Amino acid sequence: MPTRRQFLGDSSRLALAASIGTLLPLGAQSRTAPSDKVRIALVGCGGMGMGDLENHLKQPGVVCAGLCDVDQKRLESAAARVEKMNGQKPTLYKDFRKLLENKDIDAVIIGTPDHWHCLIMVMACQAGKDVYVEKPMANSIAECEVMVKAARRYGRVVQVGQQQRSGKNWQEIVAFVQSGKLGKIRQVRLFGHFDYGMGAPRIENSTPPSELDYELWLGPAPFSPYNANRLHGVWRHQWHYGGGLLSDWGVHLLDIPLWAMKVEGAPQWVNAAGGIFVYPERQIETADTLNVSYAFEDWTLTWEHIGGSQTGLYNRNYGMAFIGANGTLVANREGWELLPVMRDNKYIMEALPPQKSAESNHEAHAINFLECIKSRKDPACTVEMGYLAAFYAHMGNISYRSGTRLKWDASRQNFGENKAANALITPEYRAPWELPKL
Ligand SMILES: NC(=O)c1ccc[n+]([C@@H]2O[C@H](COP(=O)([O-])OP(=O)(O)OC[C@H]3O[C@@H](n4cnc5c(N)ncnc54)[C@H](O)[C@@H]3O)[C@@H](O)[C@H]2O)c1
């Protein structure tokens, strides 16, 4: 796995290195003494935010000091869940800026839709909080870059919610790939043929419900009239809030080959093709069908998703295959197996039947974050790792949306003369919100 120094130290790698090299090292003081309690707060009390919060609250010495949501019903239901879980009554907030003013809060979990991650994370770092930010780290390449700078400049511990990084199952898989037993790896295939990813049925725009502060839900995103089927849970299929299956699931799956193959920068080129081929009547902007190729000097990485299908590859609906000269390692969260490759009528290595993984990595990731809050060490998924996985996902989407093959220019931090692609690197924030400049 690349260290922060390795990742940032080579000028051929992502150019964000240049701007970060002079920043303060990680190590600003923890607000908590090693023996003290960790007072944690959640911003965004949806399915994943609550899951993350509960994994933290299960650990000894963790107190829920604040909850924040722009939907009053969700906020109240989250408060009731916390009280039932451990009897605690956190302070409730609608506006995350008020929560960040609370000096009693040590760390913040960000479980909002993706278009909010950057602003809340940067402001939390500026307020001296450590941060667990859900994946994808942000909804654009430029926001991810700002977030790397913020974490390092303010010396905060920032864990990105790519929980596989804390999973023993994935650490073993990565170690196997790196052992060389598969022989020369020529291709890694990632696939997600999920029973979702095609959005919700199209419905008319309407008036926001009284319990929702819709302005604050939209935040920096451009104004669009309220529509329930672009909101909770299904925002991920609208470009202003998410990136479809590639940035939703893609960052989890992309993260593994980037880690195992020790990738530290951009590929030689990226090319994508796809469309909304099967669900044009759904409330969806992102592709229901997408293929992306990433080229490296001596191997290729491919992503494919087919939203609304459960029929995948290698008898799995999602996962990955590391294809080596000697064998193919197939893996997903449920387990892994080895498929031997035949050469000159002989199998080069023995097959390994499916190895089941019972492990959920979420809790281990929360434990790792809590340990790092105290030790001030880098967590299992650093901002640089979150950046890299999101960068690959966003590049695939930008290639698809611009209809062009992309080559990243690390010195200019853009796609060279490709205006259509460059226009999708940085989101335009709606006033009064501004993309932080660091
Ligand atoms: N790590 C994983 O395996 C995993 C799995 C699912 C989702 N996620 C990520 O978790 C995040 C949340 O996803 P979800 O499916 O729970 O979404 P969701 O829509 O169910 O929940 C998001 C919540 O954030 C609230 N919110 C929106 N703007 C807010 C603001 N400004 N301040 C406070 N609250 C605000 C919404 O009202 C909603 O309650 C996303 O980034 C998603 O990609 C990660």
Side-chain angles (χ1 to χ4, degrees), residues 41-55 66-79 81 92-100 108-121 123-124 131-139 143-144 159-167 170 192 194 196-197 200 208-209 211-221 226 228-238 240-253 255 286 318 333 360-366 369 380-381 386 389-390 393 430 433:
L42 169 66
V43 181
C45 306
M48 195 63 240
M50 286 305 290
D52 287 335
L53 178 68
E54 289 182 2
N55 281 323
L67 290 171
C68 172
D69 204 293
V70 295
D71 180 327
Q72 184 65 19
K73 274 196 186 157
R74 284 195 160 198
L75 187 59
E76 284 167 14
S77 123
R81 253 169 86 176
L92 305 186
Y93 301 88
K94 182 173 83 171
D95 190 324
F96 71 92
R97 291 167 293 189
K98 290 273 166 230
L99 179 148
L100 295 179
V108 177
I109 299 167
I110 302 174
T112 63
D114 307 347
H115 68 286
W116 262 117
H117 289 184
C118 174
L119 262 180
I120 300 174
M121 179 273 190
M123 288 169 79
V131 180
Y132 185 116
V133 58
E134 262 308 338
K135 54 44 58 178
M137 196 159 91
N139 199 31
E143 288 170 304
C144 288
Q159 175 85 294
V160 183
Q162 289 156 214
Q163 64 273 3
Q164 290 73 215
R165 289 276 181 166
S166 290
W170 290 105
F194 296 109
Y196 87 113
E211 68 269 16
L212 179 74
D213 186 330
Y214 182 54
E215 268 293 325
L216 207 46
W217 188 95
L218 282 174
Y226 173 79
N229 280 355
R230 284 198 293 260
L231 210 81
H232 293 325
V234 281
W235 48 263
R236 44 190 25 90
H237 308 297
Q238 316 296 323
H240 289 310
Y241 323 131
L245 276 176
L246 177 54
S247 72
D248 192 10
W249 260 93
V251 285
H252 285 310
L253 299 184
D255 192 26
T286 55
Y318 77 98
R333 288 177 180 171
S360 157
N361 307 144
H362 288 279
E363 190 173 348
H365 212 44
F369 178 52
C381 189
R430 188 171 62 113
W433 305 101

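Since this is a predicted model, take the numbers as computed values, not measurements. Values reported hereafter were calculated over all heavy atoms of this structure, with side chains retained and with hydrogens, waters and symmetry mates removed. Note that ligands are numbered from 1 as they come in the structure, with each ligand's atoms numbered from 1 the same way.
Shortest contact from atom 2 (C) of ligand 1 to any protein heavy atom: H252 NE2, 3.3 Å. Of the protein's non-hydrogen atoms, W235 CZ2, 3.7 Å is the one closest to atom 13 (O) of ligand 1. Counting protein heavy atoms only, atom 28 (N) of ligand 1 is closest to W116 CD1, 3.4 Å. Of all protein heavy atoms, the one closest to atom 24 (O) of ligand 1 is G44 CA, 3.4 Å. Of the protein's heavy atoms, V70 CG1, 3.6 Å lies nearest to atom 30 (C) of ligand 1. With respect to atom 4 (C) of ligand 1, the closest heavy atom belonging to the protein is M48 SD, 3.3 Å.
Ring centroid separation for the pair W235 and W116 does not come in under the 6.0 Å cut-off.
Between the side chain of R236 and the backbone N or O of G244, no donor-acceptor pair lies under 3.5 Å. Listed for the H365 side chain is a donor-acceptor partner under 3.5 Å among the backbone atoms of V160. A donor-acceptor contact shorter than 3.5 Å is absent between the side chain of H117 and the backbone of V133. In this structure a side-chain-to-backbone donor-acceptor pair under 3.5 Å is missing from Q159 to A366. No donor-acceptor pair under 3.5 Å is formed between the side chain of Y93 and the backbone N or O of L100.
Between G242 and ligand 1 there is no heavy-atom distance shorter than 4.0 Å. Using a 4.0 Å cutoff on heavy atoms, H362 counts as a contact of ligand 1. Remark: distances from the non-hydrogen atoms of H117 to ligand 1 include one below 4.0 Å. Using 4.0 Å as the threshold, G219 has no heavy atom nearer than that to any atom of ligand 1.
With respect to D71 and K73, no salt bridge is recorded, no charged nitrogen being found less than 4.0 Å from a carboxylate O. Of the charged side-chain nitrogens involved, none lies within less than 4.0 Å of a carboxylate oxygen, so that D114 and K135 do not count as a salt-bridged pair. Using a cutoff of 4.0 Å between basic side-chain nitrogens and carboxylate oxygens, D69 and K94 are not scored as salt-bridged.
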Is there a side-chain contact (heavy atoms from CB on, under 4.5 Å) between I110 and Y132 once you walk through the steps?
CA-CA 6 Å; I110 302 174; Y132 185 116; over 6 Å; no
For Q164 and H252: C-alpha separation, side-chain torsions, deciding distance, then whether side chain to side chain donor-acceptor pair (under 3.5 Å) applies.
CA-CA 7 Å; Q164 290 73 215; H252 285 310; 2.9 Å; yes
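Taking all heavy atoms of D69, T112, D213 into account, the minimum distance to atom 25 (C) of ligand 1 is reached by D69. Among E215, E134, K73, the residue whose heavy atom sits closest to atom 10 (O) of ligand 1 is E134. Nearest to atom 41 (O) of ligand 1 by heavy-atom distance, out of D114, N361, V133, is D114. Ranked by closest heavy atom to atom 22 (C) of ligand 1, the top entry among S247, P220, G111 is G111. Ranked by closest heavy atom to atom 42 (C) of ligand 1, the top entry among Q72, M137, K135, Q163 is K135. Of the candidates H365, Q164, R236, H115, the one placing a heavy atom closest to atom 15 (O) of ligand 1 is R236.
Residues E76 and R81 have side chains not in contact (no heavy-atom distance under 4.5 Å, counting atoms from C-beta outward). R430 is listed as a side-chain neighbour of E215, based on a closest heavy-atom distance under 4.5 Å. Residues P209 and Y226 form a side-chain contact, since some pair of their non-hydrogen atoms from C-beta on lies under 4.5 Å apart.
For I120, no nitrogen or oxygen atom sits less than 3.5 Å from a nitrogen or oxygen atom of ligand 1, counting backbone and side chain alike. The distance criterion of under 3.5 Å between nitrogen or oxygen atoms is not met by G49 with respect to ligand 1. For ligand 1, one of its N or O atoms has an N or O atom of G161 under 3.5 Å away.
In the vicinity of C68, heavy-atom distances shorter than 4.0 Å reach the ligand 1 atoms 33 (C), 34 (N). Near L216, the atoms of ligand 1 lying under 4.0 angstrom from a non-hydrogen atom of the residue are 31 (N). Interface atoms of ligand 1 facing V43, defined by a heavy-atom separation under 4.0 Å, are 32 (N), 33 (C). Taking a cut-off of under 4.0 Å to the non-hydrogen atoms of G233, the atoms of ligand 1 that pass are 18 (P), 19 (O), 20 (O). Under a 4.0 Å criterion applied to the non-hydrogen atoms of P136, ligand 1 contributes the atoms 43 (O). Near G47, the atoms of ligand 1 lying under 4.0 angstrom from a non-hydrogen atom of the residue are 16 (O), 20 (O).
Ring planes of Y241 and W217: perpendicular class, angle over 60° (limits at 30 and 60°).
Contacts between H232 and ligand 1 below 4.0 angstrom, taking non-hydrogen atoms only, involve backbone and side chain alike. For R74, every heavy-atom contact with ligand 1 shorter than 4.0 Å involves the side chain, none the backbone. When heavy-atom distances to ligand 1 are checked against a 4.0 Å cut-off, Q162 has no atom that comes that close, whether in backbone or side chain.
Of all heavy-atom pairs between V251 and A393, the closest is CG1-CB, 4.0 Å.
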